[in-house]
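Report on one structure; see the data block that follows.
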Number of protein chains: 2
Amino acid sequence: MKDRRNTMQRELTYEAVFSYPGHPSADDVYRVISSRYSTISKATVYRNLNSLYEDGRIGKVPSVFGYEAHYDHRTDHHCHAVCIKCGKVVDVDVQYDKDLFDNAVSMEEGFSLSSHDLIFEGTCRNCGNKEKGYGTEGIKD
Amino acid sequence: MKDRRNTMQRELTYEAVFSYPGHPSADDVYRVISSRYSTISKATVYRNLNSLYEDGRIGKVPSVFGYEAHYDHRTDHHCHAVCIKCGKVVDVDVQYDKDLFDNAVSMEEGFSLSSHDLIFEGTCRNCGNKEKGYGTEGIKD
DNA sequence: ACCTTATTGATAATAGATATCATTATGAAG
DNA sequence: CTTCATAATGATATCTATTATCAATAAGGT
């Protein structure tokens, strides 16, 4: 593993992800930390989220549909759903045969597959309610 | 369906996607059209790719891992692999039980799932060769 | 205490895509 | 054919998420 020094900033980043209810974006993490440690830079948060992910200490839900990436205190492989309206990420509980996909092959010669992601799309409660005109602007996730 | 007027630009966009070998990005499409119709604007290409997709005339492989979206002359639901080095998209032939996923539910109350994408990650021939130092800069996909 | 270098904070830069807006041109109606 | 409302265009500015740059700081082994 890469040589890392222990910094306050990285530990705060780790703790913020770990204690966040759900799947924080980099900006969510930044805002949480800022409240306690106001001089932290957003670049530092991005760097530390990446290094924590590299070290396997946190999970990462990569950016899809142009939305931000989200982070996860769970590090095991599981499925996520992304809200197509706002990019919110939630867990999905679905059992399937991973081996089937691990043995899939691409249709192009020379393209070697390494992994797969099963990503669900949908509408989160907040965005779904807005659509129906329930006037739920105030709902916080 | 939305009221659309027939324009040369939109038909050129459609033809470019349809005749492109593989999965062109918006920029790929733009470059193809530019060679014949040099005054077309990139904004127009983006707009037309979106409207053609809305109308179900072309397929769209959404942006993942921060890479550009790609377009597809196939409009049926099938799987893709994305090169984690360069973002290239290729088809993957894998059979699976779509119903299983269509019946999955999110772990958060109020989040309603509408569809899913099975996305593979890997390394395309070009990037894979580069890695091994085969000096294949010139390979064109 | 010293010194190498990982890390930081501030900021600029990047990529992909959308928003804006004055101008153009489509195509239905007269 | 003209007329005309408005969809579409081209040029450009703007946006968002993220990474790159770089001088200054600080971690931690010696």
Side-chain angles (χ1 to χ4, degrees), chain A residues 1-14 16-17 23-31 33-55 57-58 60-71 82-89, chain B residues 1-14 16-17 23-31 33-55 57-58 60-71 82-89:
Chain A
M1 201 197 295
K2 223 180 158 184
D3 179 23
R4 304 233 190 264
R5 290 176 185 173
N6 291 328
T7 64
M8 175 60 62
Q9 289 91 333
R10 184 175 297 120
E11 282 319 298
L12 286 170
T13 306
Y14 177 73
V17 172
H23 303 76
S25 66
D27 200 62
D28 290 332
V29 172
Y30 171 71
R31 271 183 282 111
I33 301 175
S34 292
S35 67
R36 272 208 282 160
Y37 193 96
S38 62
T39 57
I40 198 165
S41 161
K42 198 174 275 192
T44 300
V45 173
Y46 271 102
R47 275 187 299 242
N48 283 328
L49 287 169
N50 280 332
S51 64
L52 289 166
Y53 174 65
E54 271 177 33
D55 294 351
R57 295 181 64 194
I58 62 174
K60 180 173 184 173
V61 185
S63 141
V64 239
F65 310 123
Y67 294 115
E68 321 129 280
H70 291 254
Y71 299 85
V82 177
C83 175
I84 51 173
K85 300 267 170 59
C86 73
K88 188 187 179 188
V89 169
Chain B
M1 200 198 295
K2 223 180 160 186
D3 179 23
R4 304 234 189 264
R5 291 177 184 171
N6 291 329
T7 64
M8 174 61 61
Q9 289 91 333
R10 184 176 297 119
E11 283 318 299
L12 285 170
T13 306
Y14 177 72
V17 172
H23 303 73
S25 66
D27 200 62
D28 290 331
V29 172
Y30 171 71
R31 272 183 281 111
I33 301 174
S34 291
S35 66
R36 271 209 282 162
Y37 193 96
S38 62
T39 56
I40 199 166
S41 160
K42 197 175 277 193
T44 299
V45 172
Y46 272 103
R47 274 186 300 242
N48 283 328
L49 287 169
N50 279 333
S51 64
L52 289 166
Y53 174 64
E54 272 177 33
D55 294 351
R57 295 181 64 196
I58 62 173
K60 180 173 184 172
V61 186
S63 142
V64 241
F65 310 123
Y67 293 116
E68 321 131 278
H70 291 254
Y71 299 85
V82 177
C83 176
I84 51 173
K85 300 268 170 57
C86 72
K88 187 187 178 188
V89 170

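Reminder, nothing fancy here: chain letters follow the sequence lines and each chain counts from 1.
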Of all the heavy-atom pairs spanning V45(B) and A26(B), show the shortest one and how long it is.
->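 Result for this residue pair: CG1-O, 3.8 Å.
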Closest heavy-atom contact between Y67(A) and C83(A)?
->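 In this case the closest contact between Y67(A) and C83(A) is CE1-O, 3.6 Å.
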Go through the N and O atoms of the side chain of R5(B) and the base of dT6(D), and report whether any donor-acceptor pair is under 3.5 Å.
->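 Yes, the side chain and the base share a sub-3.5 Å donor-acceptor pair.
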Look at [X] and [N] and indicate whether a side-chain polar atom (N or O) is within less than 4.0 Å of OP1 or OP2.
X      : N       : answer
Y46(B) : dA17(C) : yes
N50(B) : dA17(C) : no
S25(B) : dG16(C) : no
R47(A) : dT19(D) : no
T44(A) : dG9(C)  : yes
Q9(B)  : dA25(C) : no
S41(B) : dT9(D)  : no
N6(A)  : dT7(C)  : no

Distance in Å, K60(A) NZ paired with L52(A) CG, rounded so as to fall on 0.5 Å steps =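 Nearest 0.5 Å value for the NZ-CG distance: 11.5 Å.
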Flag the pair V29(A) / Y46(A) as yes when at least one side-chain heavy-atom distance between them is below 4.5 Å, and no otherwise.
->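 The answer is no, as the side chains (C-beta and beyond) never meet within the 4.5 Å cut-off.
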I need the [atom1]-[atom2] distance between [X] and [N], as an integer number of Å.
X      : N       : atom1 : atom2 : value
I33(B) : dG10(D) : CD1   : C1'   : 14 Å
I40(A) : dT8(C)  : CD1   : P     : 7 Å
K42(B) : dA13(D) : NZ    : C1'   : 15 Å
E68(A) : dT19(D) : CD    : P     : 13 Å
D28(B) : dA17(C) : CG    : P     : 11 Å
R4(A)  : dG29(D) : CZ    : P     : 16 Å
R10(B) : dT26(C) : CZ    : C1'   : 11 Å
K2(A)  : dT7(C)  : NZ    : C1'   : 11 Å

When the nearest nucleotide of DNA chain C is assigned to D3(A) and to K60(B) on a heavy-atom basis, which residue is associated with the more 5' position?
->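 Here D3(A) is the residue nearer the 5' end.
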So which nucleotide from dG10(D), dG9(C), dA17(C) ends up closest to the side chain of T39(B)?
->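 Closest nucleotide to the T39(B) side chain: dG10(D).
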Describe the nucleic acid contact of F65(A) in one word from base, sugar-phosphate, nothing, applying a heavy-atom distance below 4.0 Å.
->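 It contacts nothing in the nucleic acid.
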Using a heavy-atom cut-off of under 4.0 Å over every strand shown, decide if Y37(A) touches base, sugar-phosphate, or nothing.
->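 Sugar-phosphate only.
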Residues D55(B), K2(B): salt bridge by 4.0 Å N-O rule =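 Not counted as a salt bridge, because no side-chain N and carboxylate O are separated by less than 4.0 Å.
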Using modelled atom types only, decide if a donor and an acceptor are shared between the side chain of R47(B) and the backbone of R10(B) within a distance under 3.5 Å.
->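 Absent.
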